[in-house]
> 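There's a structure below that I have some questions on.
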Amino acid sequence: MTDPQSALSIAYGRPHEDAAVLDRYLDWVRRTPDAPALIDGERSWSYAELDRLAGSVADGLRGRVRPGDLVGVCLDHSVALVAVAVAVARLGAVYLPLGPRPGGRRLQAVAQNLRLGCLIGDPALLPPSHRSTEQPGTEQPGTVEQLTLPLPAEGSNAAATVVAAFAPAAPGAVGAPAGTYYSVLTSGSTGLPKAVAVGEDSLGALLHWYRDLTGLGPGDRHSLMIGVAFDPHLMELWAGLTSGAALSVAPDEVRWDPGALTDWWHRARITVSVLPTPLAEPALDLPWRPDLTLRHITVGGDRLRRYPGPDVTAHLHNAYGPAEATVATTVHTMAPGAAPDGADAPPIGRPLPGAVVAVTDEDGRPVPRGVSGELRIGGRCLALGYLDEELTARRFVAAPEHGAPEGRAGIDRVYRTGDRVLMRPDGVLEFLGRLDDQVKVSGVRIEPAEVEAAFERDPRVRRAAVAARRNAAGGVQLVAFVQAAAGHAPTSGADLLPQVRAWLPEQAVPTLVRLVDTFPLDANGKVDRAALLAAEAPGPADGPADDGASPTERTVLRLCRDLLGRPELGPLDNFTDAGGNSLAAARLLAALEQEFGVRLRAPQLLRQPDLRRLAELVEARRPDAVAAS
């Protein structure tokens, strides 16, 4: 018998099971036409009603959108979004979710680099290349065409008008490879997003596994809240539609307020949910409501740093997977009441059906179990590649011919994740950090994840994020951002350093430690370290800061300066451009309500062009102003 300690770091998921996506949804339309397919507040749409909406959209696009065309979708969670996703699948086109506000420059880059069949969204938010000076529905040769789609404006996040915009493709723009079912954007080292192409077989197998894992079926209510541009959105949306369950749209405040999230779980009777890790952790820190109907929570997108408490009654699934391997590749399940297995943090588990994982050295050779290395993924879960063929060739590489266990078939190609992991003797993977996150400080290579783990060993720390910045002399400094554990807040960040020094070499000890209440998140639900650094070191103002023209404006400026750490902010600055994110927006909304008794919604805040307009909106909504009118 082979000594398990000397076994190679290779693990195979159980056999892959093919499963259709659209056909399974259509089966539920036929079997349960009156069952709820989507719930948004007090309004719901049955499977039959949703399918009629999707059919109308598909009819409007037919002839303009061809099979295999990329369809960029700039919509928020709503019945319109779900209907468009189904319509695109009906047409055999490629669903490219971009989110409701992907950013003007990012969206313009997408339009210039990708050969889009059309862009769908609010006409006011489309890039210049897809805006029309004519009324929607008109067409002139050589101009952009916009077609108004027959979609309801009902729901908490629905756009008043949704159009499909058609424009000539830019020279050199690339399309999706044959067989692509959906595409998502991931961050690129060049500053431009990379587009990943995924086939229906891979998505169908993922959904089959997820339905088996959660028991999702008719009568269940599944949350619809993951960021639309984040690839778990595909699993969330299609899992509900292919199981006969109902998708339930989460209100805005739920996406960044763990207390509002748990209240909504109860109010909406959610039974299965997917969460980004940075939201899951504070939700798990709250006392668990015993009246929740929630059975399963799947978390992912970042390193999970804590186990669920003994009061949590739902199964918690810690999922890991890059977009290049169809949302999830491995999973570790924690049953209610189960004790931690001794690790400092939950592992990322074992491979899903059809997946093959290997921990390798720099040459791609599998290392013995217990030795860290780069995680490479192969098998049926792999994406087709990127829309950039050259990039595909660099990241999707031939699998080594050596190292496969005797009697197991090899795999033709693997995806190099760039993640550093370790496979335990029992075959379970532990996530250690990113290989390309390493920085060199005073000639020593430092792994930020190792520094974060050192902080998190202290019971006073709930979470830490470490980033590197250049000092005035050009050297590299580490900055630690630390979130204190409830009831154990240190007096200052410096109080934590003696304990940290016991775990780290001298060069790895951060030169600066900042205590933070929350962490900003990027569009994919991951901690935005660049935003943390930007808030830590604001650029110099051009002159004395304008303190505002009215008491309300001065208060709004004070709140924004404090929240964003930007003392130079003036009335004409935009909240988002100044570094405002979803968490900062939630805190600002709460502060405005406390100061003025005015309750605004996040879209109202984010729509204001500058802080002066925001102050004017607050002034108009104040109870005394409303009473006077």
Side-chain angles (χ1 to χ4, degrees), residues 11 13-14 17 203 205-217 220-227 230-240 242-243 245 247 250 258 261-262 265 270-285 288 292-323 325-341 343 345-355 357 375 377 381 419 421 424 426-431 524-526:
R14 66 176 186 266
E17 297 188 44
L203 177 60
L206 173 80
L207 298 175
H208 190 285
W209 160 80
Y210 186 70
R211 290 190 298 266
D212 283 350
L213 178 76
T214 61
L216 189 65
D220 276 318
R221 294 191 175 189
H222 195 297
S223 61
L224 185 62
M225 62 177 293
I226 291 290
F230 189 24
D231 62 313
H233 157 70
L234 277 299
M235 183 174 79
E236 186 180 53
L237 185 149
W238 284 109
T242 59
S243 65
L247 294 169
L261 171 65
T262 56
W265 275 341
I270 301 299
T271 56
V272 183
S273 189
V274 179
L275 292 181
T277 309
L279 179 58
E281 289 181 326
L284 291 170
D285 282 337
W288 193 258
L292 291 178
T293 57
L294 192 63
R295 301 193 316 270
H296 294 272
I297 308 171
T298 302
V299 303
D302 211 335
R303 182 160 54 106
L304 183 64
R305 298 150 190 261
R306 58 150 297 168
Y307 283 88
D311 58 338
V312 175
T313 57
H315 287 76
L316 183 67
H317 310 284
N318 186 30
Y320 161 88
T326 317
V327 183
T329 307
T330 68
V331 68
H332 178 74
T333 295
M334 290 156 275
D341 64 2
I348 57 174
R350 292 185 168 90
L352 270 59
V357 295
L375 178 61
I377 300 171
C381 63
D419 288 331
V421 301
R424 302 187 323 204
D426 61 0
V428 171
L429 287 170
E430 293 184 357
F431 181 83
N524 290 339
K526 299 183 180 182

> Please test Leu294 against Trp288 for side-chain contact (heavy atoms from CB on, under 4.5 Å), starting from the C-alpha separation and ending with a verdict.
CA-CA 11 Å; Leu294 192 63; Trp288 193 258; 4.1 Å; yes
> With sequence neighbours left out, what residues match Ala280 under side-chain contact (heavy atoms from CB on, under 4.5 Å)?
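With neighbours one apart ignored, the set is Leu275, Val299.
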> In chain order, what residues pass the ring pair (Phe, Tyr, Trp, His ring centres under 6.0 Å) check against Tyr320, with sequence neighbours excluded?
none
> Hey, could you give me the CG/SG distance between Leu203 and Cys381, rounded to the nearest 0.5 Å?
12.5 Å
> So Ile348 and His332, side-chain contact (heavy atoms from CB on, under 4.5 Å) or not? Walk me through it.
CA-CA 5 Å; Ile348 57 174; His332 178 74; 5.9 Å; no
> By the definition side chain to side chain contact (heavy atoms under 4.5 Å, CB included), identify the one residue from Val274, Leu352, Thr242 that meets it with Tyr210.
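Exactly one option meets the side chain to side chain contact (heavy atoms under 4.5 Å, CB included) with Tyr210, and it is Val274.
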> Test side-chain contact (heavy atoms from CB on, under 4.5 Å) on Thr330 and Leu375 and set out the steps.
CA-CA 11 Å; Thr330 68; Leu375 178 61; 5.6 Å; no
> Is the backbone of Leu304 close enough, under 3.5 Å, to the side chain of Thr277 for a donor and an acceptor to pair up by distance?
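A pair under 3.5 Å: no.
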> Compare all side-chain heavy atoms of Pro347 with those of Leu429 and state whether any distance is below 4.5 angstrom.
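In short, these two side chains do not touch, never coming nearer than 4.5 Å.
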> Over all heavy atoms of both residues, which pair between Ala245 and Leu216 is shortest? Give the atoms and the distance, please.
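The pair with the smallest heavy-atom distance is CB-CD1, 3.9 Å.
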> Which atoms form the tightest heavy-atom contact between Thr313 and Pro336, and what is the distance?
O-CG, 3.3 Å
> By salt bridge (Lys or Arg N to Asp or Glu O under 4.0 Å), which residues pair with Asp311, not counting sequence neighbours?
none
> Where is the tightest heavy-atom contact between Gly227 and His233, given as atom of each residue plus distance?
O-CB, 3.6 Å
> Measuring from atom CG of Leu237 to atom CG of Leu207, what distance do you get when rounded to the nearest 0.5 angstrom?
9.5 Å
> Report the residues that fulfil salt bridge (Lys or Arg N to Asp or Glu O under 4.0 Å) with Arg305, sequence neighbours left out, ordered by chain and then residue number.
Glu452, Glu456
> Heavy-atom distance under 4.5 Å between the side chains of Phe431 and Asn318, does that happen here?
no
> What is the distance from atom CG of Leu284 to atom CG of Leu316, rounded to the nearest 0.5 Å?
5.5 Å
> Taking all heavy atoms of Ala328 and all of Trp209, pick out the closest pair and write down the distance.
CB-CZ3, 4.5 Å
> Listed by chain and number, what are the side-chain hydrogen bond (donor to acceptor under 3.5 Å, both in side chains) partners of Thr214, not counting sequence neighbours?
none
> On a heavy-atom basis, which atom in Ser273 and which in Met225 lie closest, and how many Å separate them?
OG-SD, 4.4 Å
> Would you name the heavy atoms of Ala319 and Thr298 that are closest together and state the gap between them?
CB-CG2, 4.0 Å
> Could you tell me which residues satisfy salt bridge (Lys or Arg N to Asp or Glu O under 4.0 Å) with Arg424, sequence neighbours excluded, listed by chain and number?
Asp341, Asp426, Glu430
> Could you list the residues that satisfy side-chain hydrogen bond (donor to acceptor under 3.5 Å, both in side chains) with Asp302, not counting sequence neighbours?
Arg463
> Holding to side-chain hydrogen bond (donor to acceptor under 3.5 Å, both in side chains), I want the full list of residues that pass it with Thr271, two or more places apart in sequence or in another chain.
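Residues passing side-chain hydrogen bond (donor to acceptor under 3.5 Å, both in side chains) with Thr271: Asp220.
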> What pairs with Arg306 under side-chain hydrogen bond (donor to acceptor under 3.5 Å, both in side chains), at least two apart in sequence or on another chain?
Asp285
> Under a 4.5 Å cut-off applied to non-hydrogen side-chain atoms, are Val421 and Val357 in contact?
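Heavy-atom side-chain distance check fails, nothing below 4.5 Å.
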> Mind checking side-chain contact (heavy atoms from CB on, under 4.5 Å) for Thr333 and listing every partner two or more places apart, or none if nothing turns up?
Leu213, His315, His317, Val331
> What's the spacing between Leu206 CG and Thr329 OG1 if we round to 0.5 Å?
9.0 Å
